[in-house]
Amino acid sequence: MKKIIITLLLISSVAVAFFAFKSKKQKKPNIVFIMSDDHAYQAISAYDKRLTQTPNIDRIANEGMLFTNACVTNSICAPSRAVILTGKHSHINGKIDNYFPFDSTNITFPQILQANGYQTAMFGKLHFGNNPKGFDEFQILPDQGNYYNPDIITKKEGKKKLLGYVTDIITDLTINWLKNERDEDKPFFLAYLHKAPHREWLPAERHFKEYLNKTFPEPATLFDNYEGRGRASKEAEMNLLTHMNWAGDSKVFPENMQKLGIKESHPYDIRFYENTVGRMNPTQRKAWDEAYGKMNEEFVKKFPSMTEKEKMQWRYQRYMQDYLGCIASVDEGVGQVLDFLKQNNLEENTIVVYTSDQGFYLGEHGWFDKRFIFDESFKTPLLVKWPTVIKPGSKNTQMVQNLDFAQTFLEAAGIKAPSDMQGESLIPIFKGNDKNFRDAAYYHYYEYPSIHMVKRHYGIVTEKYKLIHFYYDIDEWELYDRTNDKNEMKNVYNDPKYAAVKKELHQKLAQLRIKYKDSETLDKKFIEKYKELEGTGKI
Ligand code: SGN
Ligand code: CA
């Protein structure tokens with residue numbers, strides 16, 4: 001009898017220990033990292049209701065936290081992704097621009113999560129020039145990817161072509177993985193990475209009609225003439241009227257351009273258009289030709305009598321119709337993923353992040369694209385929910401950066417981050433304590449000379465000011481007063497009233513350069529390396 005009781009006791013204690021271990025293991029949160037490409041915060045209704053409604057993305061803020069000053073360290077695609085994955089500034093991880101492939105000897109946080117028992121998967125756009133390390137499964141778009149019938153690089157079967165609309169495809173791959181490939185005994189890290197709403201802004205067929213018939217409010221600075229700022233703003237090639245492509249971007253049919261005598265804004269404009277719209281199958285193409293044909297017909301009638309101002313206004317509306325049309329599909333996809341988590345009991349222990357690789361200009365300063373340290377491109381959307389930790393409906397104003405994700409996710413998973421990561425964990429902020437967070441953000445952009453011609457610059461951003469140094473073929477400093485000049489229209493660097501502020505910011509900037517190990521020597525090294533691209537046709 002005694003023996004039986006002891007055996008039973010032993011069995012039950014082993015069972016208790018096993019289940020305790022298992023549930024302890026399961027307590028590690030899952031992480032769903034959703035990132036779109038070039039999604040401006042101005043186009044998320046949780047931030048700004050003027051342009052569009054994004055009810056599903058907004059759910060993340062309603063059930064979690066909205067970050068109103070989230071920002072990037074280098075406002076361009078692949079470099080931002082490299083900063084996110086490594087937790088290190090561009091000059092340290094080496095991915096300073098979109099051209100050179102990512103140095104895969106860098107250690108990324110998914111590799112660390114995977115080594116610590118996480119199941120990891122990535123679907124969508126990476127844009128690294130090589131495959132991601134640390135993923136049990138991935139299906140990624142080659143380079144920038146295509147909107148219609150995209151090619152996809154798969155871990156298991158190499159490259160293949162998929163039929164359909166890219167945003168829906170990425171959502172389907174993501175949900176399919178959650179449904180069929182998830183290991184229920186492991187926590188997971190899932191990267192769900194949209195191509196949309198990246199240029200050339202092709203919406204899904206189901207959104208043509210609605211968005212082509214919409215009119216959007218113009219930004220106050222649409223007709224900016226860049227007075228009051230230095231050469232960098234004046235020489236950038238991001239203007240809606242002068243630098244957007246008529247066919248590829250505004251979707252004027254090539255035959256109509258010929259008819260109206262419109263010159264290509266870019267030597268490859270028509271070729272771009274034919275390469276992208278040309279990927280559609282006959283059904284998709286028919287729907288496209290009908291919807292955009294109607295728009296073209298009206299344009300052909302109007303164009304000869306349009307003033308330059310009216311052309312700018314027309315291009316702005318065209319841009320917003322397509323850009324926001326793309327976001328409609330992203331929002332629907334996010335809704336599907338959130339619903340799946342809810343319906344499958346995965347909601348409570350899952351961190352859901354929605355962000356973009358950087359901000360984007362939606363006609364502010366007459367611009368599209370990004371790259372600058374100025375607010376619309378420097379700031380990026382960030383919405384995070386984590387039901388057991390973050391209070392629903394909360395807002396945070398700290399200058400959190402894409403640099404911070406790696407350490408945040410590692411801490412959430414109970415893993416000590418490598419000491420050479422350069423961000424700050426956001427876990428205290430999630431828990432409601434945002435004291436002692438960074439009071440200044442460091443920024444450095446490199447890709448010049450290149451498309452859009454935004455000059456190389458680095459700078460410091462504090463709550464009140466922005467100090468910027470444009471260099472390479474120029475040596476200009478700019479200073480902005482963020483409180484009194486919200487649209488960043490006036491460089492006050494040489495205004496004597498700001499002498500003391502200027503001095504203090506110069507000191508702080510020098511300290512930040514030391515703290516993050518950036519230097520003039522590195523600036524020169526990257527300029528030298530960039531010379532390898534000259535004459536390759538890449539820049
Ligand atoms: C393409 C776009 C540019 C854009 C870069 C980088 N032109 O070259 O407008 O700035 O990508 O974007 S396109 O006509 O080819 O679309 S990024 O998001 O990948 O950094
Ligand atoms: Ca981007």
Side-chain angles (χ1 to χ4, degrees), residues 34-41 43 71-85 90 95-102 124-129 140-148 150 166-167 191 193-202 236-240 242-252 264-279 315 319 322-323 326-327 330 354-363 367-372 376-381 402 445-455 533 536-539:
I34 314 174
M35 185 161 73
S36 299
D37 195 346
D38 294 355
H39 193 169
Y41 55 87
C71 54
V72 296
T73 64
N74 180 2
S75 180
I76 182 157
C77 187
S80 166
R81 290 153 203 264
V83 167
I84 290 172
L85 289 175
S90 305
K95 184 82 179 118
I96 55 157
D97 56 42
N98 274 341
Y99 298 119
F100 293 99
F102 175 68
K125 180 172 169 184
L126 177 63
H127 197 195
F128 262 10
I140 55 169
L141 301 168
D143 194 31
Q144 294 280 11
N146 282 103
Y147 272 103
Y148 278 85
V166 73
T167 304
L193 310 174
H194 282 298
K195 170 193 168 59
H198 190 272
R199 194 180 185 186
E200 57 287 344
W201 316 300
L202 302 187
E237 297 181 355
M238 313 203 309
N239 189 274
L240 298 190
T242 44
H243 303 113
M244 256 192 180
N245 296 331
W246 285 98
D249 294 330
S250 296
K251 324 298 181 336
V252 175
E264 290 188 290
S265 334
H266 187 285
Y268 305 122
D269 179 10
I270 290 177
R271 216 190 309 156
F272 276 149
Y273 178 81
E274 280 162 0
N275 282 345
T276 55
V277 175
R279 291 184 71 89
R315 295 202 85 157
Y319 171 34
D322 292 344
Y323 180 91
C326 288
I327 287 170
V330 171
Y354 186 89
T355 191
S356 169
D357 58 346
Q358 11 67 208
F360 211 67
Y361 288 99
L362 303 183
W367 285 335
F368 66 106
D369 216 66
K370 56 266 177 173
R371 298 161 191 267
F372 274 116
E376 289 80 359
S377 56
F378 168 69
K379 284 172 58 170
T380 196
N402 56 348
Y445 170 80
Y446 299 85
E447 196 181 285
Y448 178 88
S450 175
I451 187 164
H452 301 301
M453 296 302 276
V454 172
K455 293 186 189 294
L533 296 170
T536 59
K538 286 188 181 164
I539 53 171

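Computed from heavy atoms alone, side chains included, the values below leave out hydrogens, waters and symmetry copies. When a ligand or atom number is given, it counts from 1 through the structure's own listing order.
Listed by chain and number, the residues in a side-chain contact (heavy atoms from CB on, under 4.5 Å) with Glu264 are Met257, Asp269, Ile270 (sequence neighbours excluded). By the salt bridge (Lys or Arg N to Asp or Glu O under 4.0 Å) test, Lys95 is found to be paired with no residue, residues two or more places apart in sequence or in another chain being considered. Under the side-chain contact (heavy atoms from CB on, under 4.5 Å) criterion, Leu141 pairs with Lys125, Pro150, Ile152, Val166, Ile170, Lys195, not counting sequence neighbours.
Each of Phe378, Trp367, Phe368 was checked for a ring-ring contact (aromatic ring centres under 6.0 Å, His included) with Tyr361, and the lone residue meeting it is Trp367. With His39 as the fixed residue, the ring-ring contact (aromatic ring centres under 6.0 Å, His included) test singles out one of Phe360, Tyr354, Trp201: Tyr354.
The nearest protein atom to atom 11 (O) of ligand 1, hydrogens excluded, is given as Gln144 NE2, 3.1 Å; this is a heavy-atom distance. Atom 4 (C) of ligand 1 has its closest protein heavy atom at Asp369 OD1, 3.4 Å. For atom 8 (O) of ligand 1, the nearest protein heavy atom (residue, atom name, distance) is Ile451 CD1, 3.8 Å. The nearest protein atom to atom 13 (S) of ligand 1, hydrogens excluded, is given as Arg199 CD, 3.7 Å; this is a heavy-atom distance. Of the protein's non-hydrogen atoms, Phe272 CZ, 4.3 Å is the one closest to atom 15 (O) of ligand 1.
Between the side chains of Arg371 and Tyr445, at least one donor N or O sits under 3.5 Å from an acceptor N or O. In summary, the side chains of Tyr99 and Ser450 do present a donor paired with an acceptor at a separation below 3.5 Å, with no hydrogens or angles considered.
Listed by atom number, the atoms of ligand 1 under 4.0 Å from Cys77 heavy atoms are 17 (S), 18 (O), 19 (O), 20 (O). The ligand atoms of ligand 1 that sit less than 4.0 angstrom from a heavy atom of Asp37 are 18 (O). Counting atoms of ligand 1 from 1 in the listed order, those under 4.0 Å from a heavy atom of His127 are 19 (O).
Using the six-membered ring where Trp is involved, Tyr319 and Tyr323 have ring planes that are perpendicular, over 60° apart on the 30 and 60° scheme.
Between the CD atom in Glu447 and the CD1 atom in Ile539 there is a gap of 8.5 Å [rounded to 0.5 Å].
For the pair His198 and ligand 1, the shortest N or O to N or O distance falls below 3.5 Å.
Protein N/O/S atoms closer to the Ca ion (ligand 2) than 3.0 Å number 5 in this structure.
A salt bridge does not link Asp38 to Arg199: none of the charged side-chain nitrogens sits closer than 4.0 Å to a carboxylate oxygen.
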Report task. I would like to know whether Asp357 and Arg81 meet side chain to side chain contact (heavy atoms under 4.5 Å, CB included); could you show each step before the answer? Result -> CA-CA 7 Å; Asp357 58 346; Arg81 290 153 203 264; 3.2 Å; yes
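Nearest residue to atom 12 (O) of ligand 1 from His452, Arg371, Lys125, Lys370 is Lys370 (criterion: closest heavy atom).
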